[in-house]
A.B. asks: 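Here you go, one structure.
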Amino acid sequence: MSLVEYLTSFGNIAIALSGGVDSSYLAYAVKQSGVPCKAYTVKSQFVPQFELDDAKKIAEHIDIPLEIIDIDVLEHDDVTSNPSDRCYYCKHHVFTTISEHAKRDGFSVLCDGTNVSDEVEDRPGMRAMAELSVKSPLRECGLTKSMIRQLAKQANLFTWDKPSYACLATRFQAGQHITGHDLEHIEKAEGYLFSLGLSDFRVRLIGNTAKIQVPENQIAIVIKNRIVILSYFKSMFDEVVLDLEVRS
């Protein structure tokens with residue numbers, strides 16, 4: 001079944017829009033299908049400002065109504081205690097809230113941007129969305145990440161080459177308590193590295209040590225800017241290390 005056929009099989013569609021390439025293309029495809037729709041974007045402590053900005057920009061670009069939902073993820077102990085399946089509890093809280101807003105607005109189907117390239121079996125959050133009957137049209141129609149990027153490029157979506165981005169909670173090792181204070185530090189640290197020209201990287205938190213992970217071809221940028229990075233990071237972290245097991 002083609003994506004258009006799949007989407008038009010529903011009477012209306014609510015879209016969980018993160019601001020990444022997958023959900024952006026999904027929102028575009030839903031809009032193009034002519035099915036009545038609305039996008040919902042979550043604003044929480046786990047979502048950096050640039051993701052919110054991109055979600056707003058893409059919604060305006062494709063002319064789809066957007067609602068920003070404020071969610072306090074840190075009020076849930078099953079999230080802040082950061083167990084190995086934290087993503088399950090977080091997704092359950094978040095998508096339950098989105099679903100409630102969508103149903104209030106008269107939408108019976110909620111879709112997300114999961115695609116064929118996503119390893120569903122290894123992602124506890126997917127189990128939560130399955131329990132909540134969230135649909136994944138891109139996955140159901142056999143679209144891979146690379147296919148979606150190409151389609152998004154053809155549709156002139158600025159997100160087509162945007163690096164994949166995981167929520168800020170993934171920067172904490174399992175079992176380390178998640179606090180708003182630490183989340184703010186991680187967002188500031190990653191924002192600073194972005195300003196230096198780095199991309200597709202992570203700043204992991206181990207205790208209060210910041211571990212910088214970058215692609216191999218960007219290690220030289222980190223070394224070149226070592227002094228200024230240390231100066232900025234040491235105001236927030238006890239130690240700063242560079243992971244030589246680079247991001248692939």
Side-chain angles (χ1 to χ4, degrees), residues 1-42 47 51-52 54-69 87-88 91-92 94-167 200:
M1 181 182 294
S2 71
L3 182 58
V4 172
E5 290 174 330
Y6 184 89
L7 295 173
T8 53
S9 69
F10 300 115
N12 57 49
I13 297 175
I15 305 143
L17 179 64
S18 69
V21 60
D22 301 320
S23 63
S24 295
Y25 181 70
L26 174 62
Y28 168 83
V30 173
K31 175 69 176 180
Q32 293 297 305
S33 75
V35 176
C37 57
K38 181 177 179 179
Y40 297 83
T41 295
V42 168
V47 181
E51 287 280 77
L52 286 175
D54 283 354
K56 294 175 184 176
K57 186 177 177 182
I58 203 71
E60 182 177 350
H61 177 71
I62 64 179
D63 191 26
I64 187 173
L66 172 68
E67 180 177 342
I68 306 294
I69 304 173
C87 192
Y88 167 80
K91 290 286 189 185
H92 209 287
V94 166
F95 275 83
T96 294
T97 302
I98 296 175
S99 182
E100 289 171 351
H101 281 251
K103 289 177 180 176
R104 176 205 64 196
D105 293 338
F107 292 94
S108 55
V109 177
L110 174 59
C111 296
D112 85 312
T114 303
N115 63 69
V116 173
S117 301
D118 291 319
E119 298 293 336
V120 175
E121 294 78 9
D122 297 328
R123 298 174 65 175
M126 297 300 180
R127 178 162 54 94
M129 290 190 287
E131 291 175 4
L132 296 170
S133 299
V134 177
K135 306 292 185 183
S136 299
L138 303 179
R139 184 175 181 82
E140 293 297 323
C141 296
L143 295 178
T144 64
K145 189 77 166 187
S146 60
M147 293 166 66
I148 293 165
R149 288 196 185 280
Q150 186 59 38
L151 289 167
K153 184 179 183 180
Q154 292 171 6
N156 293 316
L157 302 181
F158 72 89
T159 54
W160 77 269
D161 62 346
K162 182 177 178 179
S164 297
Y165 190 84
C167 85
D200 197 20

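FYI, side chains are in, hydrogens and waters are out, and symmetry mates aren't considered; it's all heavy atoms of this structure. Source: prediction; values computed, not measured.
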A.B. asks: For the pair Tyr88 and His92, name the ring-plane relationship: parallel under 30°, tilted 30 to 60°, perpendicular over 60°.
C.D. replies: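 Tilted, since the angle between the ring planes falls between 30° and 60°.
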A.B. asks: Are the side chains of Leu143 and Val116 in touch, meaning some heavy atoms are under 4.5 Å apart?
C.D. replies: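 They are not in contact (no side-chain heavy atoms under 4.5 Å apart), so the answer is no.
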A.B. asks: So, Asn12 side chain and Gly106 main chain: donor-acceptor pair closer than 3.5 Å or not?
C.D. replies: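 The answer is yes, because a donor-acceptor pair under 3.5 Å joins these two groups.
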A.B. asks: Identify the two heavy atoms, one from Ala14 and one from Tyr40, that lie closest to each other, and give their separation to 0.1 Å.
C.D. replies: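 Minimum heavy-atom separation between Ala14 and Tyr40: CB-CE1, 3.7 Å.
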A.B. asks: I'd like to know if the side chain of Asp54 reaches the main chain of Glu51, judged simply by a donor and an acceptor atom lying under 3.5 Å from each other, with no hydrogens or angles considered.
C.D. replies: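 No; zero donor-acceptor contacts below 3.5 Å.
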A.B. asks: Please check: side-chain N/O of Ser24 versus main-chain N/O of Val21, any donor-acceptor pairing under 3.5 Å?
C.D. replies: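 No: the side chain of Ser24 does not pair with the backbone of Val21.
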A.B. asks: Look up atom CG in Leu17 and atom CD1 in Ile58, then write down how far apart they are to the nearest 0.5 Å.
C.D. replies: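 Answer rounded to 0.5 Å: 7.5 Å.
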A.B. asks: If every non-hydrogen atom of Tyr6 is compared with every non-hydrogen atom of Cys141, which pair is closest and at what distance?
C.D. replies: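 Where Tyr6 meets Cys141 most closely, the heavy atoms are CB-SG, 3.5 Å.
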A.B. asks: Taking all heavy atoms of Ala16 and all of Leu110, pick out the closest pair and write down the distance.
C.D. replies: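 Scanning both residues, the minimum pair turns out to be N-CD1, 4.1 Å.
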A.B. asks: If I take atom NE2 from residue His61 and atom CG from residue Leu157, how far apart are they, to the nearest 0.5 angstrom?
C.D. replies: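 The CG atom of Leu157 is 5.5 Å from NE2 of His61, to the nearest 0.5 Å.
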A.B. asks: Would you check if Leu132 and Lys91 make a side-chain contact, meaning some heavy-atom pair closer than 4.5 Å?
C.D. replies: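 Result no, sub-4.5 Å side-chain heavy-atom pair not found.
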A.B. asks: Using side-chain heavy atoms (C-beta onward) and a distance below 4.5 Å, is Thr114 in contact with Met129?
C.D. replies: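 Heavy-atom side-chain distance check passes, below 4.5 Å.
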A.B. asks: Would you check if Leu151 and Tyr28 make a side-chain contact, meaning some heavy-atom pair closer than 4.5 Å?
C.D. replies: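 No. Closest side-chain heavy atoms not under 4.5 Å.
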A.B. asks: Restricting to non-hydrogen atoms, name the atom on Cys37 and the atom on Val30 that form the minimum distance, rounded to 0.1 Å.
C.D. replies: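 For Cys37 and Val30, the tightest heavy-atom pair comes out as CB-CG1, 3.5 Å.
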A.B. asks: Is Asp22 salt-bridged to Lys145, going by a charged N under 4.0 Å from an acidic O?
C.D. replies: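 Answer for the salt bridge query: yes.
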A.B. asks: Do Arg149 side-chain atoms and Lys162 backbone N/O form a donor-acceptor pair below 3.5 Å?
C.D. replies: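 Present.
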A.B. asks: Looking at Leu66, Leu26, Val109, Thr41, which hits side-chain contact (heavy atoms from CB on, under 4.5 Å) with Ile15?
C.D. replies: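 Exactly one candidate clears the test, Leu26.
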A.B. asks: Just verifying a value: how many Å separate Ile13 CD1 and Leu7 CG, rounded to the nearest 0.5 Å?
C.D. replies: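 Result: 4.5 Å between the selected atoms.
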A.B. asks: Under a 4.0 Å threshold between the charged nitrogen and the carboxylate oxygen, would Lys135 count as salt-bridged to Glu140?
C.D. replies: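 Looking at Lys135 together with Glu140, the answer is no, because their closest N to O distance does not fall below 4.0 Å.
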A.B. asks: For the side chain of Asp105 and the backbone of Phe107, is there at least one donor-acceptor N/O pair under 3.5 Å apart?
C.D. replies: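 Not confirmed, Asp105 side chain does not pair with Phe107 backbone.
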A.B. asks: Please determine whether the number of non-hydrogen atoms from other residues, nucleotides or ligands lying under 6.0 Å from atom CD of Glu60 exceeds 12.
C.D. replies: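 No, not enclosed.
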A.B. asks: Under the 3.5 angstrom rule, does the side chain of Ser2 hit a backbone N or O of Glu5 as a donor-acceptor pair?
C.D. replies: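 The answer is yes, because a donor-acceptor pair under 3.5 Å joins these two groups.
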A.B. asks: What closest approach, in Å, do Phe10 and Val35 show between heavy atoms, and which atom pair accounts for it?
C.D. replies: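 Minimum heavy-atom contact is O-CG1, 3.8 Å.
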A.B. asks: Counting C-beta onward and ignoring hydrogens, is there a side-chain heavy-atom pair between Tyr25 and Leu3 closer than 4.5 Å?
C.D. replies: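 Yes, side chains in contact.
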A.B. asks: Is the shortest heavy-atom distance from the side chain of Ser136 to the side chain of Met126 under 4.5 Å?
C.D. replies: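 With C-beta onward as the side chain, the pair stays apart.
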